[in-house]
Visitor: 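For reference, the structure I am asking about is given below.
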Amino acid sequence: MDKRTFLAAGAAAIAGVFGMMAFGGRATAQNVTLEALSGSDLASDPKTLVVDIRRPEEWMATGVIEGALLITYESADAFLKAVGPKLGDGQRLALICRSGNRTSRASQQIAKLVDFPVVDVQGGMLRVLKEGYTPVGPTREMGCQIC
(Lines give C-alpha, C1' and ligand atoms only; values in the text may rest on other atoms or scores of the structure.)
Protein backbone atom coordinates (compact mmCIF):
# COMPACT_ATOMS: atom_id res chain seq x y z
CA MET A 1 0.00 0.00 0.00
CA ASP A 2 1.49 3.36 -0.97
CA LYS A 3 1.65 6.31 1.42
CA ARG A 4 -1.30 8.21 -0.14
CA THR A 5 -3.60 5.18 0.03
CA PHE A 6 -2.58 4.58 3.64
CA LEU A 7 -3.26 8.22 4.58
CA ALA A 8 -6.62 8.22 2.79
CA ALA A 9 -7.66 5.02 4.55
CA GLY A 10 -6.59 6.47 7.91
CA ALA A 11 -8.53 9.68 7.29
CA ALA A 12 -11.64 7.71 6.35
CA ALA A 13 -11.37 5.62 9.50
CA ILE A 14 -11.00 8.71 11.69
CA ALA A 15 -13.98 10.38 9.99
CA GLY A 16 -16.04 7.25 10.61
CA VAL A 17 -15.15 7.21 14.31
CA PHE A 18 -16.05 10.90 14.71
CA GLY A 19 -19.30 10.33 12.81
CA MET A 20 -20.25 7.48 15.12
CA MET A 21 -19.42 9.58 18.17
CA ALA A 22 -21.58 12.45 16.93
CA PHE A 23 -24.58 10.15 16.54
CA GLY A 24 -24.08 8.05 19.66
CA GLY A 25 -22.68 5.13 17.69
CA ARG A 26 -25.83 4.58 15.66
CA ALA A 27 -27.01 5.55 12.24
CA THR A 28 -29.67 8.22 12.00
CA ALA A 29 -32.87 7.75 10.06
CA GLN A 30 -33.48 10.04 7.12
CA ASN A 31 -36.90 11.16 8.31
CA VAL A 32 -35.77 12.43 11.76
CA THR A 33 -34.99 16.06 12.50
CA LEU A 34 -33.74 17.68 15.69
CA GLU A 35 -35.59 20.98 16.11
CA ALA A 36 -35.64 23.58 18.91
CA LEU A 37 -39.33 24.39 18.55
CA SER A 38 -40.87 26.80 21.05
CA GLY A 39 -43.74 25.74 23.28
CA SER A 40 -46.13 28.04 21.44
CA ASP A 41 -45.01 26.63 18.07
CA LEU A 42 -45.62 23.12 19.34
CA ALA A 43 -49.04 24.03 20.75
CA SER A 44 -50.27 25.86 17.65
CA ASP A 45 -49.04 23.89 14.61
CA PRO A 46 -51.90 21.79 13.19
CA LYS A 47 -49.45 19.94 10.92
CA THR A 48 -47.61 18.54 13.95
CA LEU A 49 -48.86 15.95 16.43
CA VAL A 50 -46.95 16.57 19.67
CA VAL A 51 -46.51 13.55 21.91
CA ASP A 52 -45.04 13.89 25.39
CA ILE A 53 -43.33 10.57 26.12
CA ARG A 54 -42.58 11.19 29.80
CA ARG A 55 -44.21 9.41 32.74
CA PRO A 56 -47.44 10.67 34.36
CA GLU A 57 -45.61 11.87 37.47
CA GLU A 58 -43.46 14.09 35.24
CA TRP A 59 -46.48 15.50 33.41
CA MET A 60 -48.11 16.39 36.72
CA ALA A 61 -44.92 17.93 38.14
CA THR A 62 -44.18 20.33 35.28
CA GLY A 63 -47.30 20.48 33.14
CA VAL A 64 -47.41 19.73 29.42
CA ILE A 65 -47.64 21.41 26.03
CA GLU A 66 -51.22 22.44 25.30
CA GLY A 67 -52.81 19.93 22.93
CA ALA A 68 -50.08 17.32 23.36
CA LEU A 69 -50.90 13.64 23.38
CA LEU A 70 -49.54 11.98 26.54
CA ILE A 71 -48.12 8.51 25.93
CA THR A 72 -45.23 7.11 27.93
CA TYR A 73 -42.72 5.57 25.54
CA GLU A 74 -41.91 1.93 26.20
CA SER A 75 -41.36 0.45 22.74
CA ALA A 76 -41.68 1.65 19.17
CA ASP A 77 -44.37 -0.89 18.28
CA ALA A 78 -46.59 -0.16 21.30
CA PHE A 79 -46.09 3.57 20.83
CA LEU A 80 -47.05 3.50 17.14
CA LYS A 81 -50.10 1.38 17.91
CA ALA A 82 -51.29 4.05 20.37
CA VAL A 83 -50.32 7.09 18.27
CA GLY A 84 -51.29 5.82 14.82
CA PRO A 85 -55.04 6.50 15.10
CA LYS A 86 -54.37 10.06 16.31
CA LEU A 87 -51.95 11.01 13.51
CA GLY A 88 -53.67 12.83 10.65
CA ASP A 89 -52.74 12.68 6.98
CA GLY A 90 -49.73 14.86 6.27
CA GLN A 91 -48.95 15.44 9.94
CA ARG A 92 -45.49 15.03 11.33
CA LEU A 93 -44.82 13.53 14.75
CA ALA A 94 -42.96 15.62 17.35
CA LEU A 95 -41.66 13.87 20.46
CA ILE A 96 -40.87 15.70 23.68
CA CYS A 97 -39.51 14.46 27.00
CA ARG A 98 -37.79 16.12 29.96
CA SER A 99 -34.39 16.92 28.46
CA GLY A 100 -34.28 15.33 25.01
CA ASN A 101 -32.45 12.11 25.90
CA ARG A 102 -35.47 9.80 25.66
CA THR A 103 -36.77 11.43 22.49
CA SER A 104 -33.36 11.04 20.87
CA ARG A 105 -33.54 7.28 21.26
CA ALA A 106 -37.28 6.97 20.64
CA SER A 107 -37.30 9.08 17.47
CA GLN A 108 -34.57 6.92 15.91
CA GLN A 109 -36.45 3.71 16.75
CA ILE A 110 -39.78 5.04 15.47
CA ALA A 111 -38.37 6.57 12.29
CA LYS A 112 -37.11 3.19 11.14
CA LEU A 113 -40.71 1.94 11.09
CA VAL A 114 -42.56 4.87 9.50
CA ASP A 115 -42.48 6.95 6.34
CA PHE A 116 -43.55 10.30 7.82
CA PRO A 117 -41.38 12.99 9.45
CA VAL A 118 -40.40 12.51 13.10
CA VAL A 119 -39.19 15.51 15.10
CA ASP A 120 -36.99 15.14 18.16
CA VAL A 121 -37.72 18.30 20.18
CA GLN A 122 -34.31 19.57 21.21
CA GLY A 123 -33.80 20.17 24.93
CA GLY A 124 -37.22 18.83 25.85
CA MET A 125 -39.54 20.44 28.39
CA LEU A 126 -36.59 21.85 30.34
CA ARG A 127 -35.66 24.08 27.40
CA VAL A 128 -39.26 24.94 26.50
CA LEU A 129 -40.04 25.98 30.08
CA LYS A 130 -36.77 27.89 30.42
CA GLU A 131 -37.75 29.89 27.32
CA GLY A 132 -40.90 31.03 29.12
CA TYR A 133 -43.63 28.70 27.88
CA THR A 134 -46.54 28.35 30.33
CA PRO A 135 -47.64 24.71 30.33
CA VAL A 136 -51.12 23.36 30.98
CA GLY A 137 -52.09 20.61 33.38
CA PRO A 138 -52.29 17.07 32.01
CA THR A 139 -55.77 15.59 31.59
CA ARG A 140 -57.35 12.23 30.89
CA GLU A 141 -58.44 13.55 27.49
CA MET A 142 -54.77 14.12 26.65
CA GLY A 143 -53.93 10.55 27.69
CA CYS A 144 -52.97 10.80 31.35
CA GLN A 145 -54.64 7.88 33.08
CA ILE A 146 -53.87 9.02 36.65
CA CYS A 147 -54.67 12.72 36.24
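Count residues from 1 along the sequence.
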Visitor: Which heavy atom in Ile53 sits nearest to a heavy atom in Ala106, and how many Å separate them?
Guide: CD1-CB, 4.0 Å
Visitor: Is there a continuous path of hydrophobic side-chain contacts, each under 4.5 Å between heavy atoms, that joins Val50 to Val114?
Guide: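 The answer is no; the residues belong to distinct hydrophobic clusters.
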Visitor: Please check if Ile71 and Met60 belong to a single hydrophobic cluster, counting links between Ile, Leu, Val, Met, Phe, Trp and Tyr side chain heavy atoms closer than 4.5 Å.
Guide: no
Visitor: For atom CZ of Arg98, decide whether the heavy atoms of other residues, nucleotides or ligands shown that lie under 6.0 angstrom number more than 12.
Guide: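 No, the 6.0 Å shell around CZ holds no more than 12 heavy atoms from other groups.
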Visitor: So, taking the atom named SG in Cys97 and the one named CD in Glu58, what distance separates them when rounded to the nearest 0.5 Å?
Guide: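 Here the interatomic distance stands at 8.0 Å.
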Visitor: Show the nearest heavy-atom pair for residues Ser40 and Ser44, with the distance to one decimal.
Guide: O-OG, 2.8 Å
Visitor: Judged by atom type as modelled, is there a donor-acceptor pair below 3.5 Å linking the side chain of Arg54 to the main-chain atoms of Leu70?
Guide: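 Side chain of Arg54 to backbone of Leu70, a donor-acceptor pair under 3.5 Å: no, none is there.
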Visitor: Whether the side chain of Ser104 engages the backbone of Gly100 through a donor-acceptor N/O pair (distance < 3.5 Å, no angle test) should be reported.
Guide: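 No.
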Visitor: Quick one: are Met125 and Ile65 in side-chain contact, heavy atoms under 4.5 Å?
Guide: yes
Visitor: For Glu66 and Val136, which heavy atoms make the closest approach, and how far apart are they?
Guide: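 In this case the closest contact between Glu66 and Val136 is CA-CG2, 3.7 Å.
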Visitor: Provide the full list of side-chain hydrogen bond (donor to acceptor under 3.5 Å, both in side chains) pairs with a residue in residues 81-95, sequence neighbours left out, each pair given once.
Guide: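 For residues 81-95: Glu35-Arg92, Thr48-Arg92.
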Visitor: Would you name the heavy atoms of Gly39 and Val128 that are closest together and state the gap between them?
Guide: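 Minimum heavy-atom separation between Gly39 and Val128: CA-CG1, 3.6 Å.
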Visitor: With a 4.5 Å cut-off on side-chain heavy-atom distances among I, L, V, M, F, W and Y, is there a chain of contacts connecting Val118 to Leu69?
Guide: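 Hydrophobic grouping puts Val118 with Leu69.
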Visitor: Would you say Asp120's side chain and Val32's backbone share a donor-acceptor pair under 3.5 angstrom?
Guide: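 A pair under 3.5 Å: no.
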Visitor: What distance separates Trp59 CH2 from Thr72 OG1, expressed to the nearest 0.5 Å?
Guide: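 Reported to 0.5 Å precision, the distance equals 3.5 Å.
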Visitor: Within this structure, what is the CZ-CG distance for the pair Phe79 and Leu113, rounded to the nearest 0.5 Å?
Guide: 11.5 Å
Visitor: Rounded to the nearest 0.5 Å, how far apart are CG of Asn31 and CG of Leu93?
Guide: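 If I round to the nearest 0.5 Å, the distance is 10.0 Å.
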Visitor: Nearest 0.5 Å, please: how far is CZ in Arg55 from CD in Glu74?
Guide: 10.5 Å
Visitor: How long is the gap from OH on Tyr73 to CD on Gln109, to the nearest 0.5 Å?
Guide: 3.5 Å
Visitor: Ile146 and Pro56: which non-hydrogen atoms are nearest, and at how many Å?
Guide: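 Closest approach of Ile146 to Pro56, heavy atoms only: CD1-CB, 3.4 Å.
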Visitor: Given the rule that I, L, V, M, F, W and Y join up when any side-chain heavy atoms are under 4.5 Å apart, are Phe116 and Leu49 in one cluster?
Guide: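 Linked, Phe116 and Leu49 end up in one cluster.
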Visitor: Can you find a pair of side-chain heavy atoms, one from Leu129 and one from Pro135, that are under 4.5 Å apart?
Guide: yes
Visitor: What are the two closest heavy atoms between Thr103 and Val121, and how far apart are they?
Guide: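 That would be OG1-O, 4.2 Å.
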Visitor: Does a side-chain heavy-atom distance below 4.5 Å link Ile110 with Leu95?
Guide: yes
